[in-house]
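Each remark here refers to the structure printed beneath this line.
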2 protein chains.
Amino acid sequence: MSDGGVATRPATEVVGVELGTRRYDIVIGSGALEELGPRLGELAPGGRVMIVTDENVARCHLERLERALAGHVALAPSVIVPPGESSKCFGELQRVVEEMLDAMLERGDLVVALGGGVVGDLAGFAAAILRRGVRYVQVPTSLLAQVDSSVGGKTGIDTRHGKNLVGAFHQPALVVADTSLLDTLSPREFRAGYAEVVKYGLIDAASFFEWLEGSWREIFAGGPAREQAIAASCRAKSRIVASDERESGQRALLNLGHTFGHALEAATGFSQRLVHGEGVAIGMVLAFGYSVRLGLCKPADESRVRAHLEAVGLPTDLAHIEGDIGDAESLIDHIMQDKKVERGSLTFILARGIGHAFIARNVDAGDVREYLAERLSAR
Amino acid sequence: MSDGGVATRPATEVVGVELGTRRYDIVIGSGALEELGPRLGELAPGGRVMIVTDENVARCHLERLERALAGHVALAPSVIVPPGESSKCFGELQRVVEEMLDAMLERGDLVVALGGGVVGDLAGFAAAILRRGVRYVQVPTSLLAQVDSSVGGKTGIDTRHGKNLVGAFHQPALVVADTSLLDTLSPREFRAGYAEVVKYGLIDAASFFEWLEGSWREIFAGGPAREQAIAASCRAKSRIVASDERESGQRALLNLGHTFGHALEAATGFSQRLVHGEGVAIGMVLAFGYSVRLGLCKPADESRVRAHLEAVGLPTDLAHIEGDIGDAESLIDHIMQDKKVERGSLTFILARGIGHAFIARNVDAGDVREYLAERLSAR
């Protein structure tokens, strides 16, 4: 794609996130990156822009982004963090913030987060606390970030207690999801992001799930079906976020599969043994399985969820995780530390069927421990 | 004051900070601490409370606070940080947040900041980012914190680039200013806080300033005049904060004396050579002096401000700072890094007279440098 190919550029789709004074657009489409220069110029006339990215993404896309911005905004030196979840820590947060201060980034300037979920969460959090809040733009480069983490304003870092336990709600000023950036993803990364796409179908859109069952090959191959899936996911997320920005209610539905998933990520030390989307895939199957155990959901629904995730090559069972993941007791400990715990009682997203997820409060920790012990013994 | 002395307790005054869904009360009065237990019980029924304080304050007041809370809320182990501005750093922030996570503090729980501005800023910021936001209560123990920093939701830490450059707007759920806590302050600390009281008169309340000129001896002695001064200051701050929570306009008036003051604090390495309120006192005189230089303000007003601050024993001139404070160039550098700089042009709070402060944008840095050089040469 050349910089000048305006005439031949496919149309982008724009999804609005309606949050009053904090409303913003998600621009979705192949080549959307090339439109970013004028958009940033409008957001911050006369302002400066600092790109935050990681080493891997910098190699693939940084030059292209810098070229797209040239002439439209003044660029501060980019900040490049090491790739991987371990960059979501206090040390990197301090380093990024101090580089922003070294560059004398001011309140009217912009931070651009170019990368996957890790970069978006870290750069967004740094922007949230720099001078008590500087605006930022998400340019997600992974499927997971395009359909989930770049939208909704959740930013943060991890501690030894768990993931995302420290952070801020800080909505981006703009999200630009250029689907052409996904071409450099490994199949494993793409699959992991796809788990979040499936999630939207499982929460409240049975027909979308059905469409995914029939269309996943085209989505994985790229092209219009992929963009359609991404846009549908962004619309779903946007709608839920607009109705409950700070997760006092319905937004918790987006955690379907995440409470189990986070515990599994913690159990594998947030390593490449199990990446986030894989944890979510297994976590969603566990959530459906536990719903079946409680008599809330038909076994056939659990099987259908499992079958689709398996078809695309995602792990769906504890047995699919290599190496040690501890016992049921240690998994429950990870869950208890999760921030979705209220007053010591467990809150889970369970389901009455595909497209019928709901927030279940006061779930009995002992029963969940027993369920996990059974699943572990079948491993 | 005994725990049970309800009948003899003097009435407390309550000032509301009207911020819609984030509105809260400031409770002012001698013995207000003893009412805190039931109030926290109401704010977080069944919840847990974690007190954050510093070593000095802990010695004087921690036991009294714990006694006041006993039976009303469950207490997590208190966090005690070293006293002084140097605790407003990334290292202490991380330590405080991790102690909160160690104690499994949850979203419905409460943090209580018991201390001066440093503790309030640090604990408030930790609460702001813990699980993306936990509520906190300010229990200010210094005059400065009671009349200024505990109200308005500005929280944060310092970096080597300057003060408060990293932080969050996070409104407290309640402020309890027990004026009896001020009895343990050193005269120097009390005087430093008094500079912020004077500030409210200088901004837009000439008659309050006049009252201070006549009443400062009673205010320093304690008693009704002191409570009156504190309540008037809280009302002034509350009004300005309610009209401009995030400092997009009028709230900047509260920075009167602070741009110069911060630069002087930086020049003295944030040491005991010049504490915050002292920097503000000199800064306010400099702001009036610079306003006179620009022909905006009568020299008699500058003299009157200086005379009152001198009467209470506050420093009013660069010559009153012991040791090296660098040259005009380095002071301007400190000012340029200040977060109130927009697009490289300087914004100052200047005055057309006592009670007539205003926001002056596009102030010429070269002229300010020259002014500072003159003041330094007279040192």
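Chain A is the first sequence line, chain B the second, and so forth, proteins listed ahead of strands; every chain is numbered from 1.
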Top of A/Arg160, A/His170, A/Met100, A/Arg246 for chain B proximity - count of heavy-atom pairs under 4.5 angstrom: A/Arg160

What option among B/Leu93, B/Ile157, B/Thr159, B/Thr155 has the most heavy-atom pairs under 4.5 Å with chain A? B/Thr155

Using heavy-atom distances under 4.5 Å, tell me whether B/Ala126 contacts chain A through its side chain, its backbone, both, or neither. neither

Out of A/Leu101, A/Leu130, A/Ile129, which residue meets the side-chain contact (heavy atoms from CB on, under 4.5 Å) rule with B/Leu165? A/Leu101

Of all the heavy-atom pairs spanning A/Glu247 and B/Arg107, show the shortest one and how long it is. O-NH1, 4.1 Å

Counting distance only, does the side-chain N/O of A/Arg132 pair as donor-acceptor with the main-chain N or O of B/Val166 below 3.5 Å? no

Side-chain heavy-atom pair B/Met336, A/Met104 within 4.5 angstrom cut-off: yes

Test log, rule side-chain contact (heavy atoms from CB on, under 4.5 Å), inputs A/Asn164 and B/Arg131: CA-CA 7 Å; A/Asn164 301 321; B/Arg131 301 177 191 272; over 6 Å; no

